[in-house]
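Everything on this sheet refers to the single structure shown next.
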Amino acid sequence: MAEFNVSNAAAGAEYEDKSVRAVVSSGDLVKMVWRSLLLQASFNYERMQACGWLYGILPVLKKIHTNKKDLSRSMLMHMEFFNTHPFLVNFIMGLVVAMEENKKDQNTIRAIKVATMGPLGGIGDALCWLTLLPITAGLGASMAMGAEPNPAGPIVFLVLFNIIHFALRFGLMRYGYHTGVKAIATMKEKTKQISHAASIIGLTVVGGLIASMIKLKIAWVIVVGQASIALQEKVFDAIMPNMLPLAYTLFMYYLLKKNYSPVKLILFTILVGIAGKGIGIF
């Protein structure tokens, strides 16, 4: 029945009440930002984030569509498959709400959603998970695990991460709403450059974290006559400093590509550490 209703909604792409009224306020934009935090609260493998998406914009849809049939049609359309990066979803929310407020036909709104959710998903992964998270977590971890451990490390991480996180949410919401459809052309031009630059920064940071955060040293010392050779300092470090942490990281990456579960790899790492310490390798 739900699929039948969605199909009917798609067929009637235009609203019955086509009168355009400016009803969306700054407070409504703020409310949508807060509600967007629950974007993935009812995540499912059929419609992904659709329920959370509709929950985020529903109060504004009710203000825009006073005609009950128009509201119903809009809600059904917004329950279609939707999936993007949760930190950047507010740009699409602002854009779609601006189009709804101007009573654009549903096929156009649907096309805009589909055109933006994919690229923003990729950009969000590069910016947030590969750049923002490693940098802020690295700063916090460095403070907490340094020569003089500072308990403020986790707090610094949470504060820095969420300042940028919420700046993105509120800024993109306002930008998407006030810029409207004109933002699409700009975003398409800059998508590849932003994603490429963010990926380079993120990989550089990850490389630095491998060298500074992963501790893997061989404790064995080879004794030949009266000479002793420390394998770590005299062999491995002489070839390349932090070679073993890099090798182990690449080995874990290889196993991930072979579809090994991250949980299994964590348990494997723990067992390797315990066994290696027990027999004196590490």
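All values below were derived from every heavy atom in this structure, side-chain atoms included, with hydrogens, water molecules and symmetry-related copies excluded. Heads up: numbering here begins at 1 and tracks the sequence. What you are looking at is a predicted structure, and each value in this text was computed from that prediction instead of being measured.
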Exercise. Mind listing the closest non-hydrogen atom pair of Asn67 and Lys69 along with its distance?
Key: OD1-N, 2.9 Å
Quiz item: How long is the span from the CD1 atom in Ile163 to the CG atom in Leu158, to the nearest 0.5 Å?
Solution: 11.0 Å
Practice problem: Quick one: pull up CG in Leu39 and CG in Asn90 and give me the separation to the nearest 0.5 Å. | Solution: 9.0 Å
Quiz item: Between Phe87 and His85, what is the ring plane arrangement, given parallel below 30°, perpendicular above 60°, and tilted in between?
Solution: perpendicular
Quiz item: Is there a donor-acceptor contact under 3.5 Å from the side chain of Asn44 to the main chain of Arg47?
Solution: yes
Quiz item: Around Arg174, counting heavy atoms of other residues, nucleotides and ligands shown, do more than 12 lie under 6.0 Å from its CZ?
Solution: no
Quiz item: How long is the span from the CE atom in Met93 to the OG1 atom in Thr84, to the nearest 0.5 Å?
Solution: 10.5 Å
Quiz item: Shortest non-hydrogen contact from Arg169 to Ser36?
Solution: NH1-OG, 2.9 Å
Self-check item: Met252 vs Leu255 side-chain heavy atoms within contact, under 4.5 Å
Solution: yes
Quiz item: What distance separates Lys62 NZ from Asp28 CG, expressed to the nearest 0.5 Å?
Solution: 13.0 Å
Practice problem: State whether the number of non-hydrogen atoms from other residues, nucleotides or ligands found under 6.0 Å of Trp220 atom CH2 is greater than 12. | Solution: no
Quiz item: In terms of the angle between their ring planes, are Phe170 and Phe166 parallel, tilted or perpendicular, with boundaries placed at 30° and 60°?
Solution: tilted
Practice problem: Looking only at non-hydrogen atoms, find the nearest pair between Gly52 and Ser42 and report the distance. | Solution: N-OG, 3.9 Å
Self-check item: Distance (rounded to the nearest 0.5 Å) between Ser74 OG and Leu58 CG
Solution: 9.0 Å
Quiz prompt | Between Thr108 and Arg110: side-chain donor-acceptor atoms closer than 3.5 Å | solution = no
Quiz prompt | Side chains of His78 and Gln106, donor plus acceptor under 3.5 Å | solution = no
Quiz item: Is a donor on one side and an acceptor on the other found under 3.5 Å between the side chain of Asp70 and the backbone of Glu16?
Solution: yes
Quiz item: Going by the angle between their ring planes, with limits at 30° and 60°, are Tyr248 and Phe268 parallel, tilted or perpendicular?
Solution: parallel
Exercise. Verify whether one side chain among Tyr55 and Gln49 offers a donor that lies under 3.5 Å from an acceptor in the other.
Key: no
Practice problem: Step through the shown structure and confirm whether more than 12 heavy atoms of other residues, nucleotides or ligands are within 6.0 Å of OH on Tyr260. | Solution: no
Quiz item: How long is the span from the CD1 atom in Ile218 to the CG atom in Asp237, to the nearest 0.5 Å?
Solution: 11.0 Å
Quiz item: NZ of Lys63: more than 12 outside heavy atoms within 6.0 angstrom?
Solution: yes
Quiz item: Under the 3.5 angstrom rule, does the side chain of Asn102 hit a backbone N or O of Lys104 as a donor-acceptor pair?
Solution: no
Quiz item: Got Met48 and Gln40 here, is their nearest side-chain heavy-atom distance under 4.5 Å?
Solution: no
Exercise. Check whether more than 12 heavy atoms from other residues, nucleotides or ligands sit under 6.0 Å from atom OH of Tyr253, and answer yes or no.
Key: no
Exercise. Measure from the side-chain N and O atoms of Thr131 to the backbone N and O of Cys128, and report whether any donor-acceptor pair falls under 3.5 Å.
Key: no
Practice problem: Say whether, by atom type as modelled, one donor and one acceptor occur between the side chain of Ser72 and the main chain of Lys68 under 3.5 angstrom. | Solution: no
Quiz item: Per the side-chain contact (heavy atoms from CB on, under 4.5 Å) rule, which among Val20, Val96, Val23 passes with Glu101?
Solution: Val23
Quiz item: Are the side chain of Lys113 and the backbone N or O of Phe82 linked by a donor-acceptor pair below 3.5 Å?
Solution: no
Self-check item: Lys31, NZ: over 12 other non-hydrogen atoms inside 6.0 angstrom
Solution: no
